[in-house]
Amino acid sequence: MTGETSPNLDLLLLATVLQLELSERDLRVTDKRYHHLETHLQRPESSVRHLMGTASVYAQGSRAIGATIVHGVADEDRFDLDAVIELAIPPLWTPRKALDELHTSLQGFPDVQEIERCTRCVQLRFAFMHLDVTVMRPGAAPRPERVGEIFHSPDRGADETHWVNPYGFAEWVKARAVPPSVSFHTAANDLRRSLGVADRFVDTIPSLMYAVRAETQNLPAPLDPIRDSWQIIALKLMKRYLNLRYANRSEKRPISVYLSKIAVEVPLNRHGICSQLEGFAVELDRRIAIAVDEGCWPEERNPVYPEENFNDRWPRDVAAMRLFRDDLRHLCGELRRARQSAVAEIQSIFDGLFGERVSAAAIRTYADNLPSVPRKPSYEHGKGFVVAPAVLRPVTEQTTTSRVSRAPAHTFHPRRLKR
């Protein structure tokens, strides 16, 4: 990671993130599908209808922390929404039965194209998105807020249960994410207004038809990237980059909840978004290097509920960690190259990192918003791209010191890993 500021690259990275967000119509349809869950599970045909009276439904994962992006790999840019349904699952139900009953009860959901009973959730697949529904048995009272037991039932192997607290983790992430400065917010808002985000689907969900008895928490209000902390912007860019890197691999990529935890443990970098993303990659690389050197699994525990291990299914082996480290180093190398490049090369670099359609739109929008075309050379060494006003201001020193602590040197709890 360099110590140089790069306001022009920062602006391009922000424009890239803005291209990854959902349109207002996308958000409306997503909200309706989410709220239709409880209605659909209360129909007479539902085998879990009798459990819905005390049910609780809420978002988890990327939507809960404001980090949803479009995937960017398939022709249909898919995104996902993760929902938890807390149900008073009968004690005699096995994990397999709990998931099977949820899968059966979700049949016939409006607009769904396919429903798959996965290892830990039921996935509803629609055009351009999927909705992952995880069933949770609430912990016995008194319990930490929304702690519960989820079910793991693979096609092969024994059933398992896991104690988790996704709600508490989301609140922890939001508390650690440092808000942007006013000047950043104002300048970025101007940029966002100049970008048009295409709708991905139309609003076709019918009106609700059943009485609502479950407690469904509203989806968290979508966080515009212009209001995101630089840590969350770096997380979104990292997720998009890894989506593309792992698109044609059989290897499973690092899971989002693990990336989310590390993203907000990296201190705010006052040099800007590009430096924040580099620092994020460097910290991930450092932690994985320790695990590889020690031959241990890079366990990452839920900070508000240490019984939960985020990396219980990743990585598969040392080779998977080395592959991830190669990707992190490639990202840092390309960002360093972008700092020293002219516009044509930067566009090529961004094509490889985040996808051609996104980067072309970002660079076009940036160029259109330049206040004037300078007569002097349009490239400044060490800044990346053309020279423009430094609209991306770092947060104040007071904000930085009051909201961010240094990333811990070694917080994960290793266990032995086969080489």
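One distance of note links CG of L277 with CG of L235; it measures 10.0 Å at 0.5 Å rounding. A distance of 7.5 Å separates CZ in R313 from CD1 in I255, rounded to the nearest 0.5 Å. The line from OG1 of T94 to CD of E101 is 9.5 Å long, rounded to the nearest 0.5 Å. Rounded to the nearest 0.5 angstrom, E21 CD and K236 NZ are separated by 7.0 Å. Distance check: R125 CZ to I115 CD1 gives 10.5 Å after rounding to the nearest 0.5 Å. With rounding to the nearest 0.5 angstrom, the CD atom of E278 is 8.5 Å from the CG atom of N269.
Taking the side chain as every heavy atom from C-beta outward, V257 and Q60 never approach each other to under 4.5 Å. Taking the side chain as every heavy atom from C-beta outward, R337 and E345 approach each other to under 4.5 Å. Proximity of F169 to S260: side-chain heavy atoms (C-beta onward) are separated by under 4.5 Å at one or more points. Here the side chains of F324 and L242 are in contact, with some heavy-atom distance below 4.5 Å. You'll find the side chain of I69 reaches within 4.5 Å of the side chain of N243, heavy atoms only. Between P90 and L51, some side-chain heavy-atom pair lies under the 4.5 Å cut-off. Within the 4.5 Å cutoff, the side chain of Y58 has heavy atoms near those of the M136 side chain. Between R240 and V70 the shortest side-chain heavy-atom distance falls below 4.5 Å.
Cation-pi check for R253 over Y246 is not met; the charged atom does not lie both under 6.0 angstrom from the ring centroid and within 45 degrees of its normal.
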Test log, rule side-chain hydrogen bond (donor to acceptor under 3.5 Å, both in side chains), inputs Q123 and D132: CA-CA 4 Å; Q123 185 173 91; D132 291 337; 2.9 Å; yes
Is there a side chain to side chain contact (heavy atoms under 4.5 Å, CB included) between M321 and V318? Walk through the geometry before answering. CA-CA 5 Å; M321 291 193 286; V318 170; 4.2 Å; yes
Under the side chain to side chain contact (heavy atoms under 4.5 Å, CB included) rule, what do T30 and R63 come out as? Steps first, then yes or no, please. CA-CA 11 Å; T30 302; R63 181 59 185 270; 4.2 Å; yes
Test log, rule side chain to side chain contact (heavy atoms under 4.5 Å, CB included), inputs L13 and I233: CA-CA 9 Å; L13 288 171; I233 291 175; 5.8 Å; no
Please determine whether side chain to side chain contact (heavy atoms under 4.5 Å, CB included) holds for the pair I89 and F151, giving the CA-CA distance in whole Å, both sets of side-chain angles, and the decisive distance to 0.1 Å. CA-CA 11 Å; I89 300 296; F151 306 105; 4.0 Å; yes
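Contact between W172 and V304 at its shortest, heavy atoms only, is CB-CG1, 3.9 Å. Of all the heavy atoms in H152 and R120, the pair that sits closest is ND1-NE, 2.8 Å. Of all heavy-atom pairs spanning S275 and R339, the tightest one is OG-NH2, 3.1 Å. For W163 against V147, the heavy-atom pair with the smallest separation is CE3-CG1, 3.9 Å. Of all non-hydrogen atoms in Q276 and A234, the two that sit nearest each other are CG-CB, 4.0 Å. A pairwise comparison of heavy atoms in P166 and V84 identifies CG-CG2, 4.2 Å as the closest pair.
The backbone N or O of E299 sits nowhere less than 3.5 Å from a side-chain atom of N309 that would complete a donor-acceptor pair. With hydrogens and angles disregarded, a donor-acceptor distance shorter than 3.5 Å links the side chain of D10 to the backbone of C274. Distance alone, capped at 3.5 Å, is enough to place a donor-acceptor pair between the W297 side chain and the W314 backbone. Checking side-chain atoms of H40 against main-chain N and O of H36 turns up no donor-acceptor pair under 3.5 Å. Here the side chain of R33 pairs no donor or acceptor atom with the backbone of V112 at under 3.5 angstrom. In this structure a side-chain-to-backbone donor-acceptor pair under 3.5 Å is present from S105 to S47.
Between the side chains of T68 and S62, no donor N or O sits under 3.5 Å from an acceptor N or O.
Applying the side chain to side chain donor-acceptor pair (under 3.5 Å) test to Q347 and every residue at least two apart in sequence or in another chain returns nothing.
A salt bridge links R287 with E265; the closest basic N to acidic carboxylate O contact falls under 4.0 Å. Salt bridge E308/K261: absent, no basic N to carboxylate O contact under 4.0 Å. Between K32 and D111 no salt bridge is recorded (no basic side-chain N to carboxylate O distance below 4.0 Å). At a threshold of 4.0 Å, the pair D100-R117 counts as salt-bridged, since one of the basic side-chain nitrogens sits closer than that to a carboxylate oxygen. At a threshold of 4.0 Å, the pair E251-R316 counts as salt-bridged, since one of the basic side-chain nitrogens sits closer than that to a carboxylate oxygen.
Ring geometry, H330 versus Y241: the interplanar angle falls under 30°, so the pair is classed parallel (tilted spans 30 to 60°).
Among V133, L124, V122, the single residue meeting the side-chain contact (heavy atoms from CB on, under 4.5 Å) criterion with F109 is L124.
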